[in-house]
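Beneath this line is the structure, given in structure tokens, with notes to follow.
On a predicted model such as this, the values are computed, not experimentally measured, just so you know.
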Amino acid sequence: MPYQLPTSNYDGTANKQWPTLVLFCKRPKLHQGKQRIAETISAEKTLIVAKALLACAIEDSHAWRGPVVIACSHDEDVEWAQSLNENAQVMTQLPSGMSGNLGQRLNYVDHVLRVFGHEKIITIGTDAPMLTAQHFSEAARELNKHDIVLSHADDGGVVIMANAHPWPNIIDLPWSTESLSQALSQSCSEQELDVHYMTPGYDIDYVADIKKLIKDLKGDERPARKKLLSILNEMFISSGVISHA
């Protein structure tokens with residue numbers, strides 16, 4: 001039985017011209033996630049970074065003018081997820097008691113949202129704080145012209161997945177590999193879906209990504225980005241983990 005999406009926060013008439021922004025997230029926990037970064041700093045500091053990255057994605061959700069959905073990993077995190085953005089709808093990535101890879105989770109969330117009337121969907125994660133209003137505007141604009149809009153990531157994945165048509169079966173794609181973006185595009189094309197690549201981006205997985213992010217966040221006035229930049233400067237630049245970016 002799918003988690004029932006509340007409808008009180010969604011004014012379909014007012015927001016129908018805007019796609020739905022879906023945030024896939026896991027609750028940050030010690031020794032979980034960003035373990036490549038944890039190899040260079042402590043687990044406790046990595047958790048602080050993970051929370052700051054999540055805050056940037058939540059910042060994007062607050063700035064979004066259309067409906068927002070937070071898709072959390074587990075049933076027990078629904079209340080926590082709702083606390084992140086009280087105006088967002090919250091659902092789980094899979095039915096209670098089920099497990100599956102990212103492809104299965106995306107297929108499930110996409111199906112449930114379409115049952116509830118969401119037609120154009122822009123999906124992001126919590127590890128691409130380089131995303132700007134321009135990225136989101138471009139994704140929304142291109143989604144009016146194409147079935148599928150993807151933002152290719154430097155590591156071969158994607159930082160934005162947008163679709164105006166249901167995803168094909170993407171369970172067996174090579175998730176978390178450098179060939180994911182290409183495989184996803186091919187899977188959609190095989191179903192005769194029109195795929196468009198927008199401005200690319202990158203995820204935060206390695207220290208090299210953090211060095212690049214520090215440069216990109218300089219001058220960014222968004223509060224969560226400013227806080228993230230301060231944290232990264234303290235933990236990676238001031239401590240000498242990486243050279244001055």
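- Side chain of Asp110 to backbone of Leu106: no donor-acceptor contact under 3.5 angstrom is found.
- Under the 3.5 Å distance criterion, the side-chain polar atoms of Asp194 are left unmatched by any main-chain donor or acceptor of His196.
- A continuous path of hydrophobic side-chain contacts links Trp18 to Met198 [ILVMFWY only; heavy atoms under 4.5 Å].
- Between the side chains of Glu86 and Gln82, no donor-acceptor pair of N or O atoms lies under 3.5 Å.
- Put simply, the side chain of Asp147 never gets that close to the backbone of Asn163: no donor and acceptor are under 3.5 Å apart.
- In this structure, His111 places its NE2 atom where only 12 or fewer heavy-atom neighbours from other residues, nucleotides or ligands lie under 6.0 Å away.
- Classification of Lys212 and Asp216 as a salt-bridged pair fails, no side-chain N sitting under 4.0 Å from a carboxylate O.
- Among all heavy-atom pairs drawn from Glu59 and Ala224, the shortest one is OE2-N, 2.7 Å.
- Scanning all heavy atoms of the two residues, the minimum distance from Ile170 to Trp175 falls at O-NE1, 2.9 Å.
- Closest non-hydrogen pair, Asp205 versus Ile37, comes out as O-CG1, 3.6 Å.
- Distance alone, capped at 3.5 Å, places no donor-acceptor pair between the Ser137 side chain and the Gln134 backbone.
- We find that Glu221 and Lys226 are joined by a salt bridge, their nearest charged nitrogen and carboxylate oxygen being less than 4.0 Å apart.
- With respect to the salt-bridge test (charged N to carboxylate O, under 4.0 angstrom), the residues Lys34 and Asp127 qualify.
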Does Tyr197 form a side-chain hydrogen bond (donor to acceptor under 3.5 Å, both in side chains) with Ser181? I'd like the steps, not just the answer. CA-CA 10 Å; Tyr197 273 99; Ser181 178; 2.8 Å; yes
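- Between Asp60 and Arg225 a salt bridge is recorded (basic side-chain N to carboxylate O distance below 4.0 Å).
- In this structure, Arg141 does not pair ionically with Glu138, as no charged nitrogen and carboxylate oxygen lie closer than 4.0 Å.
- At least one donor-acceptor pair under 3.5 Å links the side chain of Thr46 to the backbone N or O of Ser42.
- With hydrogens and angles ignored, the 3.5 Å screen pairs a side-chain donor or acceptor of Ser61 with a backbone N or O of Ile58.
- Pairing each heavy atom of Leu213 with each of Pro129, the nearest pair is CD2-CG, 3.5 Å.
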From CA spacing to verdict: side-chain hydrogen bond (donor to acceptor under 3.5 Å, both in side chains), Gln186, Gln182: CA-CA 6 Å; Gln186 181 177 343; Gln182 181 180 359; 5.1 Å; no
